[in-house]
Structure formats: C-alpha cells, structure tokens
Amino acid sequence: MVEVRVWTKQDDDADARFSTSLARLTPLQETDPVTKQPVSTAVSHPKVTRDLYRELQEKAGNTSDRKRLHQLADFLGQMFTLDPDKRITVSNALAHPFLKKQQS
C-alpha cells in the first residue's frame, strides 16, 4: 500500500532548504597536483539495470491494478534518475498520473 499525503507549508520550507543544499553541491572537483588548478571529474551514470514494474508486481502479487503499478514504476523511475537535468521536477511530480489519481 502506498501512502500519499497533502503537501504543506512545512514541506515547502524543507524543499527550499533541500534545494539550497543541493545547489551547494558541485561535481567532483580535485586539484591538479602539477598545475594546482581545479579539475572536474566526470562521473558516468550507470544504465538502468532494474525493472521497477516487475519488482513491484512481484511484491504486490496478482491482486494489484496493473495500470497503477505501471504509473508507480514510471513515477519512481523518474524520481530515481541520477541526472538532475533529466529527473522529474516537483511540479511535474505533483502532476504525474500516479499522484493525480490519489488526489481525486
């Protein structure tokens, strides 16, 4: 069972603090020992190796709604994306069909 709750002012404040702390994070930077200049190291993002839908289906069994499981798997997949430019935004997450059905 998935629990969904209403977004509150406290969540907005926590989200703002989290976003601020994320903004302070920088890519892995080291100092070149010879030139003493900062060097950014590219971190490759691994490929998706897990099928969230299949894992959810195994846990839920045959009693669950397949469409809702697909929506949940899609929602989680977008949230777990490592590349921040490709990750789902808060506004898009709140508009995702999985959450929209919960709100109605």
Side-chain angles (χ1 to χ4, degrees):
M1 171 163 289
V2 176
E3 180 181 327
V4 177
R5 63 185 189 84
V6 177
W7 194 264
T8 65
K9 174 72 172 117
Q10 283 180 309
D11 295 320
D12 283 338
D13 295 341
D15 190 45
R17 286 193 304 273
F18 181 71
S19 297
T20 302
S21 61
L22 277 181
R24 283 183 256 153
L25 295 176
T26 57
L28 179 61
Q29 287 205 336
E30 300 172 327
T31 305
D32 184 288
V34 176
T35 65
K36 306 296 185 210
Q37 297 295 315
V39 178
S40 294
T41 304
V43 178
S44 63
H45 297 293
K47 293 181 179 179
V48 176
T49 58
R50 298 173 70 174
D51 183 355
L52 287 175
Y53 174 74
R54 187 172 57 222
E55 289 185 36
L56 290 169
Q57 189 177 32
E58 288 171 4
K59 298 286 184 189
N62 292 333
T63 60
S64 61
D65 180 8
R66 290 178 55 169
K67 181 178 178 182
R68 297 287 293 148
L69 281 179
H70 275 291
Q71 289 175 343
L72 177 58
D74 177 61
F75 182 63
L76 292 174
Q78 290 183 46
M79 288 176 38
F80 294 151
T81 301
L82 293 176
D83 185 349
D85 294 330
K86 295 179 181 176
R87 191 176 308 133
I88 192 169
T89 64
V90 173
S91 58
N92 287 343
L94 293 172
H96 192 277
F98 180 75
L99 293 184
K100 281 295 189 186
K101 174 118 185 199
Q102 293 288 333
Q103 294 171 356
S104 52

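Just so it is clear, the structure is predicted and the values come from calculations on it, not from any experiment. Below, all heavy atoms of this structure are taken into account, side chains as well, without hydrogens, waters or symmetry copies. For reference, positions follow the sequence shown, starting with 1.
With values rounded to the nearest 0.5 angstrom, D65 atom CG is found 8.0 Å from Q71 atom CD. Remark: D74 CG to Q78 CD distance equals 4.5 Å, nearest 0.5 Å. To the nearest 0.5 Å, atom NE2 of residue H96 and atom CG of residue L72 are 9.0 Å apart. Distance check: L52 CG to E55 CD gives 6.0 Å after rounding to the nearest 0.5 Å.
The minimum heavy-atom distance between L56 and L69, with the atom names listed, is CB-CD2, 3.8 Å. Of all heavy-atom pairs spanning V34 and D32, the tightest one is N-OD1, 2.7 Å.
Between Y53 and H70, the ring-plane angle classifies as parallel under the 30° and 60° cut-offs.
Between R54 and Q57, the side chains place no donor N or O within less than 3.5 Å of an acceptor N or O (distance only, hydrogens not considered).
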